Amino acid sequence: MSTAPTPPVAKPLTGPQKALRKLGLNRPIDLALHLPLRYEDETQLVKLHQVREGDVAQVEGRVTHAEVKLGGQRQLMVTLDDGTGTCLLRFFTFYPALQKTLAVGSQVRVRGEIRGGFAGLTLMHPVVKPAGGELATALTPVYPSVAGLPQSYLRRAVQAGLARAELSDTVPVHFLEEIGLQRLWNMRKVLSFLHTPTPDVALAALQDHTHPAWQRLKAEELLAQQLSQLQARRARALLRAPRLAQAPGSQTLASRLLAALPFGLTQAQVRVVAEITQDMARPVPMHRLLQGDVGAGKTVVAALAAAVCMDAGWQCALMAPTEILATQHFAKLVGWLHPLGITVAWLTGSQKARERREMLALIASGQAQLVVGTHALIQDKVQFKHLALAIIDEQHRFGVAQRLALRSKMSEDASAMNLESEPATGPEPHLLMMTATPIPRTLAMSYYADLDVSTLDELPPGRTPIITKVIHEARRDEVIARISSQLAQGRQIYWVCPLIEESEALDLTNATETHAQLSAALPGVMVGLLHSRMPMAEKKTVMSLFTGGQMGVLVSTTVIEVGVDVPNASLMVIEHAERFGLSQLHQLRGRVGRGAAASACVLLYSTGDAPRLGETARARLRAMAESNDGFEIARRDLEIRGPGEFMGARQSGDAMLRFADVAEDAALLDWARRLAPLMLDQYPALAEQHVQRWLGSKAEFLKA
Ligand code: ADP
Ligand code: MG
């Protein structure tokens with residue numbers, strides 16, 4: 001009997017297969033480029049009289065003693081003798097099979113890290129095999145992995161990927177010659193070597209990635225990154241955007257705004273405004289990052305850019321990461337622009353339905369020339385009449401997708417407006433991103449090579465530097481006394497409560513307790529509380545009492561982190577400062593020192609049960625005490641955390657260099673930057689192949 005043919009069914013993925021996906025290892029080339037974190041040397045046996053503490057060693061010998069100790073923690077203790085000496089093997093988890101292998105008299109091969117101690121040489125949980133097996137002929141790779149993906153499975157998958165991947169060389173030899181890597185093998189050989197190096201190489205050169213094969217790989221990776229950014233830049237140059245040229249004369253909106261401001265611009269502000277207006281006057285979308293330390297005055301720069309845009313008859317949108325910040329921008333911009341006849345709309349998540357409908361109508365009709373809001377701005381329902389400038393404040397708080405979404409808000413309607421030439425694709429708005437977290441130069445060159453950067457490197461005049469003190473929690477009472485004296489001088493105080501990421505509830509308890517404590521300690525003073533779980537209306541009331549000066553002390557969780565501007569606040573206390581990241585501490589500190597009064601920041605720290613703070617926490621607090629300069633802080637932050645984490649916090653999902661380190665591999669980065677344009681011009685097909693190989697499906701995403 002024949003059975004009916006069954007339709008082919010896609011097999012469900014096994015656990016390890018899913019794990020491979022999770023690591024982004026989809027194509028053979030992805031597997032081939034998944035390189036070892038480190039190697040283990042299983043190619044040789046050593047004698048116990050030669051090993052030293054700290055060595056990872058492989059030893060063969062005879063079990064002379066084995067017992068399960070029951071006192072304290074149950075453990076298996078085994079003595080091994082290799083004829084030159086003995087060592088102790090200790091296991092806290094073990095199964096009968098292991099005990100059998102390690103029975104007295106057996107010959108075994110063990111591998112692990114040698115430790116010293118009372119009992120002499122000790123190996124904790126070594127890998128155990130019967131003695132006499134064949135030795136490995138190459139170093140054993142250890143790959144970055146995730147739960148559910150055993151090394152043995154990953155090793156086989158990588159070998160299979162390596163065998164199937166297309167690995168012809170994509171970088172012309174004479175380019176490699178410039179960095180002395182020409183005589184090295186081709187890519188296939190480089191990769192097979194890095195996956196399974198022969199034991200005669202210096203392990204150190206492999207581990208610290210100075211080996212020429214690693215150099216070659218890092219060079220290729222950096223080149224891919226530079227190429228993709230250059231491609232993005234060139235692709236953008238083909239796009240069209242409305243020309244937002246400024247009319248000459250003193251009656252422009254921007255000139256009238258300038259005249260109405262209670263202050264004159266700093267030279268740095270004048271310079272960056274000029275850079276921005278030049279960009280916007282071109283029929284190509286601006287893609288510019290405005291970086292300036294906290295308090296440098298980015299908002300007014302944004303307002304002036306918006307004024308140029310609106311004067312040219314177009315709409316402008318300003319998006320901020322939090323509702324509080326959006327509210328504050330809205331208030332400030334209305335204050336500046338309403339008297340000049342501009343209608344400013346605003347959009348946030350917590351808005352009442354009716355108000356929201358009204359705002360949407362104002363935006364769609366074009367009556368609102370400027371729209372300020374949160375993520376609510378990028379929802380589907382929001383239709384602009386003719387958006388030409390999108391400004392994103394604290395841009396590092398937004399993801400790539402959100403930035404893209406705002407850019408795509410330029411409506412069909414707008415494309416019909418008088419553009420220079422017939423565009424191949426729809427027109428794009430100009431994009432201005434702002435950040436108070438400056439990007440160190442090396443990172444800017446590498447990660448933001450497709451971005452134009454303007455820098456506000458000057459603070460408005462009259463600011464007195466903030467004095468930062470690092471104080472142990474035990475001296476909390478002194479800090480509270482200091483608050484009293486500041487209050488007596490008519491100043492206001494921020495008190496920021498710890499960040500406990502795992503537990504919002506705990507965050508809250510802490511803030512509530514501190515609020516109660518300060519209220520009790522400061523009779524007659526209005527002490528407010530602000531936290532993320534409060535209803536928006538309540539948050540706004542608290543903020544406006546603080547902004548208005550009625551409230552003396554504001555206790556808050558980190559919701560005030562970005563952008564809040566209350567010039568009369570002169571003292572910032574950060575509780576459990578050791579739990580915050582460096583850039584976050586700097587941002588928080590930037591809430592004070594905005595007026596003429598001398599300001600201070602107190603970093604209260606606690607070591608918990610430990611005798612002292614950990615190394616990195618200490619480094620962060622020290623950096624804060626020693627510098628007020630955002631660029632210096634960013635540099636230190638990079639030093640403390642390394643580029644991977646530094647970027648991760650800012651650009652989750654964006655391009656990450658896996659192997660190269662922009663600081664360490666500066667010479668290779670220079671090479672890649674120099675070569676990228678030549679390669680795109682002279683070898684466009686190879687360039688494309690190279691980018692695909694390294695970035696694959698991510699390449700499109702990176703163009704945002
Ligand atoms: P940030 O760059 O952190 O966003 P803001 O735009 O909030 O800084 O500006 C900080 C404060 O400095 C605001 O009160 C702002 O009005 C004020 N300010 C901005 N530019 C100047 C200037 N040129 N002179 C004096 N004060 C200024
Ligand atoms: Mg700001």
Side-chain angles (χ1 to χ4, degrees), residues 254-255 257-276 288-307 318-337 339 372-374 391-398 432-439 453-466 492 494 543 546-549 558-570 572 583-597 599 601 628-631 633-634:
S255 324
L257 172 56
L258 271 179
L261 286 175
F263 49 78
L265 297 188
T266 62
Q267 279 188 11
Q269 284 170 323
V270 171
R271 174 170 46 76
V272 306
V273 168
E275 286 164 3
I276 292 165
R288 188 170 281 278
L289 179 72
L290 169 58
Q291 54 177 15
D293 209 345
V294 258
K298 294 182 289 294
T299 317
V300 69
V301 173
L304 286 164
L318 171 61
M319 182 160 77
T322 66
E323 191 137 354
I324 288 183
L325 189 53
T327 309
Q328 192 183 284
H329 279 327
F330 177 69
K332 192 159 234 171
L333 291 165
V334 167
W336 283 339
L337 294 166
V372 178
T374 57
I391 305 176
I392 302 182
D393 195 18
E394 308 293 346
Q395 70 95 22
H396 59 278
R397 293 289 213 91
F398 292 96
L432 177 63
M433 294 168 273
M434 308 203 288
T435 182
T437 309
I439 301 152
V453 178
S454 288
T455 303
L456 283 177
D457 50 7
E458 178 186 2
L459 291 180
R463 305 267 167 90
T464 41
I466 305 165
Q492 290 169 278
Y494 290 104
M543 260 337 276
F546 191 66
T547 314
T558 50
V559 288
I560 60 153
E561 182 195 343
V562 287
V564 178
D565 186 31
V566 181
N568 191 47
S570 61
M572 161 74 58
S583 77
Q584 205 179 11
L585 287 174
H586 181 63
Q587 292 253 346
L588 284 169
R589 176 172 62 181
R591 298 308 110 216
V592 295
R594 303 196 146 220
S599 293
C601 173
N628 260 318
D629 173 358
F631 285 85
I633 297 272

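Given the structure is predicted, the values throughout are model-derived calculations rather than measurements. Counting convention: from 1, in listed order, for ligands and their atoms alike.
At a threshold of 4.5 Å between non-hydrogen side-chain atoms, the residues H586 and D293 count as touching. The shortest distance between side-chain heavy atoms of P461 and T266 falls below 4.5 Å. Using a 4.5 Å heavy-atom threshold, the side chains of V300 and W336 count as touching. The shortest side-chain heavy-atom distance between L261 and L258 falls under the 4.5 Å cut-off. Counting only heavy atoms from C-beta outward, the side chains of V294 and R591 approach each other to under 4.5 Å.
Taking any N or O of V300, backbone or side chain, none lies under 3.5 Å from an N or O belonging to ligand 1. Any N or O atom pair closer than 3.5 Å counts here, and K298 shares at least one such pair with ligand 1.
Using a 4.0 Å heavy-atom cutoff, A436 is absent from the residues neighbouring ligand 1. Residue contact check for ligand 1: G295 places a non-hydrogen atom closer than 4.0 Å to it.
Counting heavy atoms closer than 4.0 Å to ligand 1, residue K332 contributes side-chain atoms (C-beta onward) but none from N, CA, C or O.
For R271 (side chain) and S454 (main-chain N/O), no donor-acceptor pair under 3.5 Å exists by modelled atom type.
Within ligand 1, counting atoms from 1 as listed, the ones closer than 4.0 Å to a heavy atom of G264 are 22 (C), 23 (N), 24 (N). Contact atoms of ligand 1 toward T299: 4 (O), 5 (P), 6 (O), 7 (O) (distance under 4.0 Å to a heavy atom of the residue). Heavy-atom proximity to V294, at under 4.0 Å, picks out these atoms of ligand 1: 3 (O). Every atom of ligand 1 with a heavy atom of L265 under 4.0 Å away is listed here by number and element: 23 (N). Taking a cut-off of under 4.0 Å to the non-hydrogen atoms of T266, the atoms of ligand 1 that pass are 23 (N). For ligand 1, the atoms sitting less than 4.0 Å from at least one non-hydrogen atom of P460 are 20 (N), 21 (C), 22 (C), 24 (N), 25 (C), 26 (N), 27 (C), numbered in the order shown with element in parentheses.
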